[in-house]
Structure formats: structure tokens, C-alpha cells
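This structure is a prediction, so every number in the text was calculated from the model and none was measured. When reading the values below, keep in mind they use all heavy atoms of this one structure, side chains included, and skip hydrogens, waters and symmetry mates.
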Amino acid sequence: QVQLVESGGGLVQAGGSLRLSCAASGRTFSSHTMGWFRQAPGKEREFVSSITWRGGSVYYADFVKGRFTISRDSAKNTVYLQMNSLKPEDTAVYYCAASIYINPGTDPTRFRAWGQGTQVTVSS
């Protein structure tokens, strides 16, 4: 089983930046892909970005392309989400997730391990 712990959330003004971190522990070798999802109040959880541990293939939701960058440090078993040019509509709880699939797509059900989430609030 993989344990995930997110950090780095907070309150930022529109146009600002935050970097989220996700530290993985446990059976990390069982996960091929790491993803970031977010959930705003009253909305469904939505895919933000993903990256494969091996090869570093990345995918982004259209609404974050050009603003967010996902990366990983395999030596530290840590995945990052650099968020720039933040908008009020980016306000949500951001979750880190791990998938055993190399190409899990954007479906959250294909990610088995989840962190507790970290709140990101962007003020206008």
C-alpha cells in the first residue's frame, strides 16, 4: 500500500503562485503514475495533471495548461505541482493520487491511493 502526504497549500492572491508537494511512502514501486486532482465545494473531483515515475510522461487538464507544471523527484519519492498565474476558480482541495496503471487517464477510479488533500484558496 502507498501512503501519500500533500503539503504546500495556502492562501494566495490571484496571479500568485504555490507549489504543492506529495511525498509517497510504502509500496511506491507498485505505482506507475502519480496524479493531482482537485475538488471545489459542491463540485465533483476533477483531474488536474499526472506524471509517470518512469519516463516522466506528463498530462494536463486543458484549464491548467501553460500555468501548472508537474514534476517528480524519484530519489525522494516526491511529486510536485507548481501552480502559477493562479485564478480564484483554482480554489479547491488538491489531492495527490497514485495509480498502478501506466496510462490511467483522467478517471479518478483508476487511482487507488489518495492523500488527505491540501487546501488552495485564491483570492480575487
Side-chain angles (χ1 to χ4, degrees):
Q1 190 170 352
V2 178
Q3 291 80 44
L4 304 173
V5 178
E6 304 99 332
S7 61
L11 173 64
V12 64
Q13 289 187 333
S17 299
L18 284 174
R19 188 176 82 153
L20 306 183
S21 299
C22 172
S25 61
R27 297 170 60 89
T28 56
F29 57 86
S30 65
S31 60
H32 290 287
T33 303
M34 299 295 292
W36 286 98
F37 290 76
R38 70 185 187 185
Q39 188 166 19
K43 295 187 177 182
E44 293 186 353
R45 191 168 298 190
E46 63 180 354
F47 172 83
V48 175
S49 182
S50 66
I51 187 168
T52 56
W53 281 118
R54 191 173 182 179
S57 296
V58 300
Y59 297 92
Y60 295 99
D62 287 343
F63 55 79
V64 302
K65 284 181 179 178
R67 300 190 299 127
F68 292 8
T69 303
I70 192 170
S71 61
R72 90 269 192 238
D73 185 333
S74 298
K76 296 181 178 180
N77 286 332
T78 300
V79 175
Y80 305 97
L81 186 68
Q82 178 66 44
M83 305 186 295
N84 298 329
S85 302
L86 283 162
K87 306 175 182 180
E89 51 264 45
D90 293 319
T91 295
V93 177
Y94 283 71
Y95 296 91
C96 176
S99 175
I100 62 172
Y101 302 105
I102 296 175
N103 185 19
T106 63
D107 185 354
T109 65
R110 294 177 68 84
F111 290 79
R112 293 188 178 183
W114 293 83
Q116 81 287 353
T118 185
Q119 177 70 47
V120 171
T121 303
V122 184
S123 63
S124 57

Discussion item. Show the nearest heavy-atom pair for residues S49 and L81, with the distance to one decimal.
Written reply: CB-CD1, 4.3 Å

Worksheet item: Side chains of L86 and F68: does their closest heavy-atom pair fall under 4.5 Å?
Response: yes

Discussion item. Just verifying a value: how many Å separate W53 CH2 and T33 OG1, rounded to the nearest 0.5 Å?
Written reply: 10.5 Å

Item to complete: Please report the closest heavy-atom contact between W36 and S21, naming both atoms and the distance.
Response: CH2-O, 3.7 Å

Item to complete: Using a cut-off of 6.0 Å, state whether more than 12 heavy atoms not belonging to L11 lie near its atom CG.
Response: yes

Discussion item. Pair V122, V120 - check side-chain contact (heavy atoms from CB on, under 4.5 Å), show working.
Written reply: CA-CA 7 Å; V122 184; V120 171; 4.2 Å; yes

Worksheet item: Hey, which of E44, E46, R45 is the one that makes side chain to side chain contact (heavy atoms under 4.5 Å, CB included) with F37?
Response: R45

Discussion item. Are M83 and I51 connected into the same hydrophobic cluster when the rule is that any two of I, L, V, M, F, W, Y join if their side-chain heavy atoms are below 4.5 Å apart?
Written reply: yes

Worksheet entry | Atom pair CE (M34) and CG (N77), whose distance is rounded to the nearest 0.5 Å | 8.5 Å

Practice prompt. Carefully, step by step, assess T106 and Y59 under the rule side-chain contact (heavy atoms from CB on, under 4.5 Å).
Written response: CA-CA 9 Å; T106 63; Y59 297 92; over 6 Å; no

Practice prompt. Please name the pair of heavy atoms, one in W114 and one in F111, separated by the smallest distance, quoted to 0.1 Å.
Written response: NE1-O, 3.0 Å

Item to complete: Assess whether side-chain contact (heavy atoms from CB on, under 4.5 Å) is satisfied between T52 and H32, documenting all intermediate values.
Response: CA-CA 6 Å; T52 56; H32 290 287; 5.8 Å; no

Worksheet item: Distance-only, no hydrogens or angles: does the Y60 side chain make a donor-acceptor pair with backbone N or O of I70 under 3.5 Å?
Response: yes

Worksheet entry | Residues that K65 engages under salt bridge (Lys or Arg N to Asp or Glu O under 4.0 Å), provided they are two or more places apart | D62

Worksheet item: Crowded around Q1 CD? As in, over 12 foreign heavy atoms under 6.0 Å?
Response: no

Worksheet entry | Pair Q116-E6, side-chain contact (heavy atoms from CB on, under 4.5 Å): steps then yes or no | CA-CA 7 Å; Q116 81 287 353; E6 304 99 332; 2.8 Å; yes

Response to the item:
When every non-hydrogen atom of A14 is compared with those of S124, the smallest separation belongs to CB-CA, 4.4 Å

Could you list the donor-acceptor pairs under 3.5 angstrom formed by side chains in residues 92-101, with sequence neighbours left out?
residue, atom, partner, partner atom, Å
Y94, OH, R38, NH1, 3.0
Y94, OH, D90, O, 2.7
S99, OG, Y101, N, 3.0
S99, OG, R110, O, 2.7

Discussion item. Quick check for you: to the nearest 0.5 Å, what is the distance between L20 atom CG and T78 atom OG1?
Written reply: 13.0 Å

Practice prompt. Indicate the atoms forming the closest heavy-atom contact of A24 with V2, along with that distance.
Written response: CB-CG1, 4.3 Å

Worksheet item: More than 12 non-hydrogen atoms from neighbouring residues, nucleotides or ligands closer than 6.0 Å to CZ on R112, yes or no?
Response: no

Discussion item. I'd like to know if V64 and Y80 are part of one continuous hydrophobic network [Ile/Leu/Val/Met/Phe/Trp/Tyr, side-chain heavy atoms within less than 4.5 Å].
Written reply: no

Fill in: Where S17 and Q82 come nearest, the two heavy atoms and their spacing
CB-NE2, 3.9 Å

